[in-house]
Each structure stands twice: as C-alpha cells, then as structure tokens.
Amino acid sequence: MKSNIVGLIFTGDRIEDLRDLIRNRSVAALPMLGRYRLIDFLLSNMIHSGMHNIGIIMQSNYHSLMDHIGSGREWDLHGKRSGVTILPPYVSNTGGGVYDGMLDALHSNLSFLRRSSERYILVTDSYMLYRVQYDEVCARHIDTKADITLLYTKDRNVRRNGWGRYLNIDPDGIVQSMEFDPTIPHYPNTYMSAFLMRRELLIDLVDRAVAAGMHHFARELLVQLLHERMYKIAGYECPGEIWSIDSVLAYYQTNMDFLNTKVRTHVFAADRPIWTKLRDEMPARYTSTARVVNSLVADGCVIEGTVENSILFRSVAVKPGAVVRNSILMQDALINRNAEVDSCILDKQTTVREGTRIVAPRDFPIVIGKNLTI
Amino acid sequence: MKSNIVGLIFTGDRIEDLRDLIRNRSVAALPMLGRYRLIDFLLSNMIHSGMHNIGIIMQSNYHSLMDHIGSGREWDLHGKRSGVTILPPYVSNTGGGVYDGMLDALHSNLSFLRRSSERYILVTDSYMLYRVQYDEVCARHIDTKADITLLYTKDRNVRRNGWGRYLNIDPDGIVQSMEFDPTIPHYPNTYMSAFLMRRELLIDLVDRAVAAGMHHFARELLVQLLHERMYKIAGYECPGEIWSIDSVLAYYQTNMDFLNTKVRTHVFAADRPIWTKLRDEMPARYTSTARVVNSLVADGCVIEGTVENSILFRSVAVKPGAVVRNSILMQDALINRNAEVDSCILDKQTTVREGTRIVAPRDFPIVIGKNLTI
Amino acid sequence: MIRKKSCVAMLLAGGQGSRLGILTRNVAKPAVPFGGKYRIIDFPLSNCVNSGIDVVGVLTQYRPLELNAYIGSGAPWDLDLNSGGVYVLPPYHTGKTGEWYRGTANAIYQNLEFAKQYNPDYVLILSGDHIYKMDYSEMIDHHIQHKAAATIAVRQVPWEEASRFGIMNTDEDFNITEFEEKPANPKSNNASMGVYVFSFDKLYKYLEADEQDEASSNDFGNDVIPAMLSAGERMTAFTFKGYWKDVGTIESLWDANMDLLKQPPPMDLHDRKWRIYARNIGMPPHYAAKGAQVLDSLVTEGCQIEGAVTHSVLSANVTVEAGAQVIDSVIMPFARIGKGAVIRRAIIAEHAVIGANAVVGEEEGDIAVVGSNASLEAGTRVTAGQQVGE
Amino acid sequence: MIRKKSCVAMLLAGGQGSRLGILTRNVAKPAVPFGGKYRIIDFPLSNCVNSGIDVVGVLTQYRPLELNAYIGSGAPWDLDLNSGGVYVLPPYHTGKTGEWYRGTANAIYQNLEFAKQYNPDYVLILSGDHIYKMDYSEMIDHHIQHKAAATIAVRQVPWEEASRFGIMNTDEDFNITEFEEKPANPKSNNASMGVYVFSFDKLYKYLEADEQDEASSNDFGNDVIPAMLSAGERMTAFTFKGYWKDVGTIESLWDANMDLLKQPPPMDLHDRKWRIYARNIGMPPHYAAKGAQVLDSLVTEGCQIEGAVTHSVLSANVTVEAGAQVIDSVIMPFARIGKGAVIRRAIIAEHAVIGANAVVGEEEGDIAVVGSNASLEAGTRVTAGQQVGE
C-alpha cells in the first residue's frame, strides 16, 4: 500500500518541431484531447501505480504548467507527507538557470532525491503519451534483479517524426547498446526516455557523471554504462499504443487518433481516470442548428454550427453557419458565423471572424497562435 | 462578507544589512519568533481582513518562500475561486528576470491585477512586521474619498536603522510630500511601503509610469503624483508597534522584543491567530537538568541545559551543561554538552560542538550560517 | 481553528423526499443529479461560497452515505477549510438516548451548538431541493438594514397559484404583517422560498421556546415564524427576482431540466461570476459518433452518442447506441440507452440500462421514470407516468 | 471519484466512554486531548495514513460535534482526498425508520455500504481509545501470507494480568484455535488489541449472519469472532511488540500521559518517519517566564509558565501563574492554574480555571479531575479521586 517509488518528471526539453505550440508553454503543458495537458497522463500513470511523491523539474516557460498543477489537489497530490513538488529552475541575482541536459537538471535537484524516502525512483521525460503501471515496471525490475530498467516500445507510431533513440535488447531482455537518431533504426525498440532504478544508485551515478563533466543522461551516461557493463540494464516493453508528441504533425495526429473509440476506451479506462485541472463549466449545449459528427466535445462548448472530425476544448463556441472540420480548437476559441476552419490547430482564445475561411492540407495542419483574431 | 480587496505582496527587495540571513532566502521568508516566517504576519493580516485573493511577487532566492507557502492550505488560501497565487519571476530562454523596482514587478504582473475582480488593491512590501486590519484601511479610504491611501507609522522603532521614507501629512490627513533617507527626518511619519487604491487606478498608473520610463514606485511615481496634485493621497496611521526588519540588529531586537508578554499578547491576539506552515512536532520536552527562563520555546525542542532570554525554533536541542543566552536558535539547531552561546543568531541546522564558546556583544549579535558546525 | 463568522448557513437536506418516487429510493434528495453534471445540493452550496459564506452545516438523517461521499472534504466548493467548511450533521446521542429530527425547526435546534461554535451574528437557513442562483449576501444586507429578527426570501408567483404557497403579507416597507400557509383567498402573491435569515440570538430564543411547546410540530413555517410574528418581532421580506424552482416532484424535476434547454435559458449556468460547482468524476470530452444527431440538448463529458438526441439533458457518461432516440428526456449519469430504444418524456436514473428497442415514456401524459441500476429487457414498454425500479 | 482500495479502515469511535467520567461529559472519547497536542483519535488516524491506508470511516453516534469539527476536511492527516479520505459515519434512516448502533458488529454492519463503495479486499477495524504506533500494512501482509479470513492483533501481557483480557490461543503457526474472553485460567498471554483485519467477503458474510441471529449481542469479541472460529475459518494472530495502552479510564489516561515523560520514552513521538499528526490551533511558541521552573515535562505551544512545573504534561495554551505548582499532572488545552495553586496527580480538563491557592489532588491515591470549563474558586480543595464538573 505504501509506494516504494518516487516519481520525477523532467519537463525541460524544447522540441523545436512543435513550433508555435510551445512558444509560451513547455511540452508537458501542451493541451491535449479536449481538456487535458500532456503531463496529466504521466501524473495519472503515477497515481494509479500508487505513487504519492512526485517531483516536477521545471525549466523555461513554466508558468502555464505551474498554474495547471497548482496545489496538486485535483490529483490528490496536495499532502504534507507527500504530494507534488514543483522544482523550479534556479534563479539567482546572477541570472536564471536553464539546465544543460537532464543530467544537469537531476544534479540541481539532488536535494529532492535525497530527502525522498522511497527505495526506487522513476524518472521520465514528458513528451510521450501512454498508459503504464509503473508499479509493475518496478516489480519486474526487482524480479529480474536489474540495476537499471529502461522503458521502451515497439509501437511504430512513435517513429513518425524520424528521430529517436533505439535499444538493442538481447533475448534475455538485457539492453546491449543504444543508437541515436539513425536514418533507419536497426532495432524496433524505441527508448521512451523513462527509467527506473534504486534512488541511491541514481544519486550516485548523477554525482559521478556530473563530476566527470557529462550533461546528457542517455547520450553520455547511459552510453558509458552500457559500454562498461558494470550494471545490469534491462528493458521493459510498454504495452499498448504510445504517442510521441515531437512535432506539430505528431501533435495533430495524436489528437485525431482519439476520435477512434477503441483508442479512447484503452487510454481512458474507467478504473484509471485521468485527472486534470477543473474549470467548472456547464455541459456542452447544442442548439437546433447544430450538427456534430465524429468529434470530441468538452463541457462549456456552445455549438450552433457544423463540427466534423474535430476536437473541441472547453468553452469553444461555433456560431450558426460556421463549419469546423478536421481541426483542434483549444479552449475559448470562437468561430463566428459562416466561418470555415479545416485542418487547423487553434490555440487558446483564438477568434475566427465572420466569413473567414482557413483551410489547410490534412498532412500540414496550420497553427493559429494564442489570443489571435483572424 | 465577500472581500472587496485583493492583496499583493512584493517580496523582492534585497536589504543588504541583513547580510547572511538573506543569503538563501528572501526577506519575506525570514524565520521569526520561533515558528514563523515574516510573510506569515502579512498573510494573517490579510486573512483576518477577510481577503481571499492574494498574489505574492517572487524574485531571486524564492525557493524557501515557495516551499513555505506550498498550496496555501495552512492559510485556507488553496481555493479554486481564490487563494494565494505565486507570481514567479519571468524566466525565459534568454535568462531570468529580476525586477528593476516594484513598479517593474507590478507591470510584469498586470495580468494578475487584470483578472482579479476586487474593486480595491492593497500592495505591500514584506520587510515590516505589524498587525492591522486592511478592511479598516479600505473603509477609511472610501470614507475620506481618497484616491490613494498610504500606510504610515509614528512608532520610533522603525527608525532603528537610520534609513526610511517619511511623509509630510497635513492636519486633514492628506500627504503633501515625501522625503527619502534623510539624515534627520523632518516628519514623524514613516511610510510603511504599503498602499491601497482602486485596482483599476493602479493598473492605469503603472501602465503610464512604465511607459514614461519609471522603475520605482515611491521614489519616482509617488513623488510625481504628490507633485502633480491630481489625486487625493491620504495617510493611514497604523496603530500599535511596528517592526522594520532591515538589518541583522533589527532582526535580533525584533525577536527579543517578543520576550515581553505585552508585545506577544498584542501581536498574537487570540481572535486573529497567525498561521504558518506546520511541522507536526511533539511538544517541547524538558528533562530534569533543564533550566529555562524568559524564553520562547517551540514544539519539538528537547532541553537538557540552560536557556535564558532566548528564542528557540522548532526541534532545537540543548544538551546537558550547555548554556544558551540572549540568542536566537533557528530550527534543528543542536547545542552540544558544555557549549555556550551568547548573543548569537544560529541559522537552521547549525551544530555547536561540545565545549565550544561563542559569545558576542548584545548590540552586535553574530550570525552563524545555515548547516554550519562550529 | 474555529473563528468567528458573521453568518453560518444551515441546509435542511431533508428526509426521504418521497414525492420523487424511486429516484430517492437509495439516495437523499439533495444528491439527486440535475442538469447534466450537477446534483441538487450544488446549487445552495455554490450560492453559499459565491455569497462569501464559508460555513455550511448539512442536516440530514436519511441515507447520507452518497451525500457524504459526494460532499467529501468539500474541496469542489472550496469548502475544505481549517476555519469553517461544510459539515454533514446527523442526529446524535447526547447521553443515554438520541432522537431523530422531528421537524425543520427541531433539526436546527439539535444543531444550534454547531452554529454556536462560530459565534455568528446571523444564521442562513436553506432547503436542499431548490434550483436557483441567489446572492445571499444581498439578503443579509437587507436583514441588517431593516434591523430585522428574521428575514424571509419571497418571490412573486402568479396570483392564480398563490393559494398553493406560504404567503407573506407585508406593509410598504417590506415588514411582514401576516403569514398564511396556502390561503384560500391570498392577500398577496409573495410566496416564501424557504430561505430564511435569522439573527442568531432570536433564532436561539425562539427555537428554545418551540422545543418547550409540546403542541408544536417543530416546523419553521407552521410554528416558529408565526410565534415570532405574534410576539411582535420585526420580520422582513426580501424579494428575489431570479429563476427559482422547487424540484421536489418528478414533474418539477423534469421541468427544471427542460428549462435549461430554453433559448435563452431562464438561468445562465455559463456565468463565470457565479459558477455552480460540482464534484468532477474525471471523464474525457463526450464523443458524437459518425451517425449521431444532437439538437437542442445539453451533453456532458464522458457521453458516447451514436443515436439521435433531441431536446434532452444527458449527464456524464451516458451512452446512446445507434438507432436509439432520446426526446424531451433527462438521462442521468452512466445510463445506457440500447440500440433502437426510444426514450420520450422520461427520466432515466443513474446506471440504468435500457435494452434494445425498448420504449420508455409517451408523447403525452406524465413523466416515465426508470430507477437507478434498473435494467430493462429488450423491447420492454414503459408507459407515461410509470416508474420502473431495480 | 471513488476508486478501488485494497484496504479500508473502520474506526469504532464508540459511545460515551463513561469510564472517563466527566472528561467525556461533552465530547466523544476519541476527541479527548492526550500528550499535550494530540487527541486520542490522532493515533489511529496517523497510523492509517502512515500505513498507506487513505480511506477511514469513523463510526460514532455520541456527541459527534467536536469530533466532526476536529476532523474537519481531514487535511491535518492528509485525508482530504477526492479518492478517499476520512468520513464520520453516524447511524441513519433508511426509509421509515432508523436505528442506533447496537454493538460494534452492528455499527460496522450498518456501514458495510460505505466500505463497499471502494470494493476493498480487506477491512481494518480499529478502536478509538488506544494509544500506540503501529504499521497496519505489516499486519495486512501477515493476513495475506496466512490466507486468513480474519487476523487479530495481539500483544503479550504479563501472565498474571492475562485473565483481564480477551485471550487468543494459537498453534505454532499463529493460527487461532480458541478465543477466551477474560479466562480464569488463561492458556496463553496473547491478549487481543481490538485491531482486526478481515477479508471483505468474509466480513460481509459473517456480519449478515450475525444480524440474523437474534441471540447475538452484535459484538466482534463476543459474537462474530467465535462464530467464525466455530465455522472453521482460518484466523491468525499478529503479534505486536510496541507500546500500546488502552486509555479508557481516568487512571490509564493519566498513566499513558506519564509514560511520555519517561527517559527514554517507551513510545517515541519524535520519530520523523512515523509522525503523529494533529490539528493545529495556531499558537506562538510557549513562554517560560523569568521565575519559571520546568522539569521532566512536556510543554506545548501557546503555554505561558510563571510557576513551577514538574513531571507533567502541559497542553496548548495552558497558563501557570506565578507561585503555582503543577506536579505529576496532565493539564489540557486552555486551562489556567491560578497563583499559588497546587496541582498534584490530577487531570485538569480544557478551559478549566483553577483559582488562586486552590489545591487539586494529593500525593497518593486516585487521580483528581477537574472537568472542562469548570471554574474552581480561590482556595478550593479537590481531594484524590474527586471529580469536579462545570
């Protein structure tokens, strides 16, 4: 019942292919699937694995993420014994710190690792969407007597963007080597930038690696450890579909994948709900001129026009005569009369004026930035 | 019942005379009186004035303050409709922001001011300790039809450090002018770096002042407004004692003042408790060799030695034969056998080794930094 | 930890609410779902916090389990406070014996100690079966300005309906001169809403007296208000002009849901300055499938719609299968409407399962009801006004 | 909002606790202050959260007001959760009638629906009048490993005292073979602590059967445990080795407080890995004045000490005026000991005021008690064993 795993979420990486979507937010704070942020899925995985002590390493542009997490009480992570700990970047009189890689970030937050009491630590980057039971990862880690367990997937979804890190895993499940951004991967196993090991071991490894001048966890430290063969490094294959949100197109396609009921049923399993920050909106309202098919619609929406193959976040308004197709409309978007939007991603508080038409090809969705009126 | 005042606490100023005490914390986070931080008194003033919506402007070294405030639930400020909002310094890829004066800070946080709905705003710096009912300040502000109300005190305590800002107030209570850091003040009215006005007016003034290139609220904007005489600027005299924590000596003397029961009774009035972050320590334990007189002792202390005229924060241990006099011992300090400490300020987690003697003059208390063993 | 509060609210969450039939067989009335994502109690609780009142006692003795679980720590309404918050107040033993609540006044009487902890100036007394948005602080201001012992909220009802209500006759200065319960010949159309503000000392005094009176039925309307009037206390009426609906019957509960579908709705739930808070159950956005057709309806997160929905309220996690039709109906959380089923002028309660091609309700007549957890076999017919239980 | 939980705790907060005399005249036993800054219920609640159990039902029907206010949202114990938390569970009406709790088993029976909401594998049953620190998760592991239907926590008592307890006779594998309530000739010294783990399905089954049995007194020790044993269910004993104290009497409550003053204390409240949480009342550090003399004592925040305190426990906000002496005593929150008064082998309850030069208690004999809010005039004498109320 008491969890033996502390969680640590690294929200630092800037993924340039996400362009305007991360201009004012970290990847972890990306709005997803009508009412969530990307980090909600990681937090829910942790909660449903019984984890109560979770640190979130912040970097630049972390205001929206901090605002989203708040006191953590939507996730029951607001306790005084445990809960969510925001680990902001170090800011001193001599300037603000941006970490030079995950290793640096871990090193700067060693005090969080040290004052935690759990035996194991699960560290994960924040650009992937997946469901997994970390407690099962830990159980397997113990069973196999591994020193380090790396999470990986064989889902080909995650290769959409053409970059990635791949694991060479032997038949016993032991990781033999790792390759970075190959043109054609030699192994089917995509490393998910998530790993589990004993907390004390991580503290030790980080300390030594930083002292040796390293900055990058996978590219430098992991590679060296794989080379040295001093530790047993195992792989854990995550079941189910995995999405890597590493470009505008991947963001778009991931959201669209959820129009498939099977996908939703798996990810939103009734016994493992995804919690998120609440807005207390009323139910969505359909008027007599509404027409909505194959779409996800969040509370607070008012629909008087046509919506097809789209995802509407909270409090989106679609006026009579307006048409929304193949699009993602973030919260408070307003589509005025007779406007048409096709294959677009509208960021928060966007207004589309009466009669405006904006149509993009489905494999090149257009992003309209926050607060814009077009 | 619904408060009409939003609160804004500025925690930015570095006061160099506090030296080592603020090396790793802001002034607002200074440990005070055995179990508090300086900001607790401002927060409690606001809560007991019925205020529910409070912003805290953070600057450098804000980790300990953020950790202290947490979700705000110790102050019942963890609501979704309202509560405490941490306003961290802006950190972008191009470096961390340190505000260039309170005006800059207000300007950077205009969005907080704009999305608040209260009619009035109370802005205060965080280096003073006092009790006041801000709702009464507001009632007077409305009664007198003032545009801006400045809080001031006639308590001579606040002049200890020799610097300050003084108000020239006419018999009708209207502020005529202000003087900065005079060698000998011409007016008995010390400005407390706290003011109240309509929220919309502040937004307007800040916008205009920043556009005109100003950075400092009092020194530039207030002075200009006093000069222009377009607005009615009134003074509100805060009753009771006021402490200005602007030097190590002021810090020391303020704490020592609270060994006086009359002072405690006034500041810790039973109907207006001061809330703070909890540690869930057991009651203080006295053994058969303990001797404690004229001292404040927090929960979690274990006293086996002699304590006189001192303030012991939570979980301080004084071993047999040890003597503590005229000193402030922050939490987890450990005074080993036969050690002697006189007129010292021991920061958190300090250890005084067996037999060590450290004695200072009472008008020049020595500060021993956090985590040190001496 | 307990601080003085200017005003404490006491919410009469009531008994079984038998006029709601099978809808309250397993839950207390205030826990009945309403408007897609709310429960009835969300309205008075949200009104309280929006009015700046942060101590609420909920008086109940009937199946409080679900209500207790729903209220929980009070967090959804920002009522998880150290200095106040929301408390469920059941009857209790004081020594050798305990007694169940006899009437509304007795229930408050038994919990005067609760209010007393906060040393309040005023006590606001509310009912748990009304849908409305009201700023109680305006009513309390009115009470203070009129130096009243008690203030009673009234709303003007059509004259022809006045004889169905408790009617307050007032002078031109809002002072109540007479109270008549369901008068045959009403002298005014100011009907009591069951919302009272009392000065605490007066409440204390008259409830003590009411307890002593063996003839009393221990009811506010029947006993306490008349006693105060005849003692010459200053009693004022506060006129409320907004939307207000008693949802104590199947018909009125259905009506109030349908009111939400009007354009424009008589009560705006979109208003960001007066949100109605509710406990969230963590569901994804609702999904309207390729063949779905939804018109003039409210649809809540978690729904999966493959059929046709017209002029209806769908609560969280409702499934409407392909070919099913839902018309003029209220579907409560987690209900499932099977393929080809037709639901018309009906209330389908939580977790009910309607089999394929079943027909519930008719175009005319009383509202049909399918109770919570009920499971209708394929092809079943439920006629107008019929209630089908588990 | 409700999730499956492996284990749900049900805390029997009990009836009036009349053996505590005037200390429980106005509050339920679990709300009685202990150890300076705690109340009795802090121990089982803290044990629960420290053991990873985050659903706790507190069953009570006696004056729950103060207990309710003390528990509040559950925040002090991190039990203000969306998916769980602490709930006060009173008896309730289910239709026409309601019934008060008859025995421990009946109280749990009436609240089986509460536990059922969480679909638990195990139910942990606790009492509200024991002081101890125990990791229940070890006991549950023991229960699982032994594939038991029920596991009963026992501790070894001195053989000469064994006949005062419920004694579990076990085989070498911890299986309980026999249960004897206060046996004249005990066969073992394993005394039940009143802490049980049941597999939920078994608990459900045997409580249903117990309800049907009209001869039953509906008590776990008397009825349910013997019935399970005689039905051949696997019952195991879990041996607890730490400090444990029943504080159901004045004498034992005083004793347990005095135990905290031993050096080293038999139970370490300093342990940061197993904190005992309590609601905080926001007091400044305590102040020992110039003439104060404090030895071998616990002193809580908010105290003001001008007199002499020896071998005593002072709770929050106690005042000991100049010249007063407090020896071998327990002073509860907000009590005031007047100038020159002498308190010896006594319990002074909350908000009591002891007048100048009064003498309470004696060097020998039973513990003297001054009840909450009592006010002793100057010079009053209270002899050993005497109880003085309000």
Side-chain angles (χ1 to χ4, degrees), chain A residues 32-36 40 44 47 71 73-76 78 258-261 263-265 267-270 272-304 307-317 332, chain C residues 35-38 42 46 72-73 75-78 80 260-265 267-272 274-306 309-319 334:
Chain A
M32 293 297 297
L33 305 177
R35 68 190 294 256
Y36 305 98
D40 293 339
S44 293
I47 292 163
S71 67
R73 79 173 171 174
E74 268 91 1
W75 298 266
D76 278 349
H78 58 309
F258 279 74
L259 294 178
N260 181 328
T261 295
V263 170
R264 283 201 312 284
T265 309
V267 172
F268 296 109
R272 293 179 300 163
I274 312 287
W275 302 107
T276 189
K277 190 183 179 196
L278 302 181
R279 289 242 306 185
D280 292 294
E281 299 290 349
M282 68 174 293
R285 172 188 292 280
Y286 288 72
T287 67
S288 55
T289 53
R291 188 176 164 274
V292 180
V293 290
N294 193 37
S295 294
L296 284 168
V297 180
D299 280 359
C301 290
V302 178
I303 302 175
E304 303 174 82
V307 177
E308 290 174 13
N309 311 327
S310 293
I311 292 169
L312 273 54
F313 282 64
R314 291 177 283 203
S315 296
V316 165
D332 302 318
Chain C
K37 68 184 296 181
Y38 309 99
D42 289 327
S46 300
S73 70
W77 308 271
D78 280 356
D80 53 334
L260 297 175
L261 302 176
K262 287 184 181 152
Q263 274 296 25
M267 177 174 64
D268 181 13
L269 293 177
H270 252 300
D271 182 3
R272 299 217 168 145
W274 203 272
R275 282 191 201 268
I276 303 301
Y277 300 96
R279 184 171 286 280
N280 192 278
I281 56 171
M283 289 297 147
H286 76 260
Y287 176 68
K290 291 209 170 78
Q293 195 190 44
V294 186
L295 297 173
D296 289 322
S297 294
L298 293 184
V299 181
T300 309
E301 286 169 347
C303 287
Q304 171 91 7
I305 307 171
E306 290 159 25
V309 176
T310 308
H311 198 254
S312 294
V313 174
L314 268 56
S315 308
N317 258 45
V318 163
T319 303
F334 291 92

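By convention in this document, chain letters (A, B, ...) are assigned in the order of the sequence lines, proteins followed by strands, and residues within each chain are numbered from 1. Just so it is clear, the values below take in all heavy atoms, side chains as well, and ignore hydrogens, waters and symmetry mates.
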Please flag which part of [X] lies under 4.5 Å from any non-hydrogen atom of chain C: side chain, backbone, both or neither.
X: A:V267; result: neither
X: A:R279; result: both
X: A:L259; result: both
X: A:T261; result: side chain
X: A:L296; result: both

From [X] atom [atom1] to [Y] atom [atom2], the distance as rounded to the nearest 0.5 Å:
X: C:R279; Y: C:S73; atom1: CZ; atom2: OG; result: 6.0 Å
X: C:H286; Y: C:N317; atom1: NE2; atom2: CG; result: 12.5 Å
X: A:R73; Y: A:L278; atom1: CZ; atom2: CG; result: 9.0 Å

May I have the step-by-step check of side chain to side chain contact (heavy atoms under 4.5 Å, CB included) for C:V313 and C:L261, ending in yes or no?
CA-CA 8 Å; C:V313 174; C:L261 302 176; 4.1 Å; yes
In terms of heavy-atom proximity below 4.5 Å to chain A, should [X] be classed as side chain, backbone, both, or neither?
X: C:Q304; value: side chain
X: C:Q263; value: side chain
X: C:L260; value: backbone
X: C:D80; value: side chain
X: C:A75; value: both

Tell me, out of [options], who's got the most heavy-atom pairs with chain C below 4.5 Å.
options: A:A298, A:G34, A:A284; result: A:A284
options: A:G300, A:A290, A:S288; result: A:S288
options: A:I311, A:D299, A:L312, A:T287; result: A:D299

Classify the ring geometry of A:F268 against A:F258: parallel below 30°, tilted from 30° to 60°, perpendicular beyond 60°.
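It falls in the perpendicular class, over 60°.
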Is there a donor-acceptor pair closer than 3.5 Å between any side-chain N or O of [X] and the backbone N or O of [Y]?
X: C:Y277; Y: C:D42; value: no
X: C:S312; Y: C:T310; value: yes
X: C:S46; Y: C:I276; value: no

By side-chain hydrogen bond (donor to acceptor under 3.5 Å, both in side chains) - contacts of A:T276 (at least two apart):
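A:T276: side-chain hydrogen bond (donor to acceptor under 3.5 Å, both in side chains) contacts with A:D40.
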C:P284, C:A292, C:A289, C:G282: which one forms the most heavy-atom pairs within less than 4.5 Å of chain A?
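If we count pairs closer than 4.5 Å to chain A, C:P284 comes out on top.
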Chain A interface, residue from C:G291, C:P76, C:A316, C:S297 that has the most non-hydrogen pairs under 4.5 Å
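So the answer, after comparing C:G291, C:P76, C:A316, C:S297, is C:S297.
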Does a salt bridge link A:E281 with C:R275, judged by any charged N lying under 4.0 Å from a carboxylate O?
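The answer is yes: the pair qualifies as a salt bridge.
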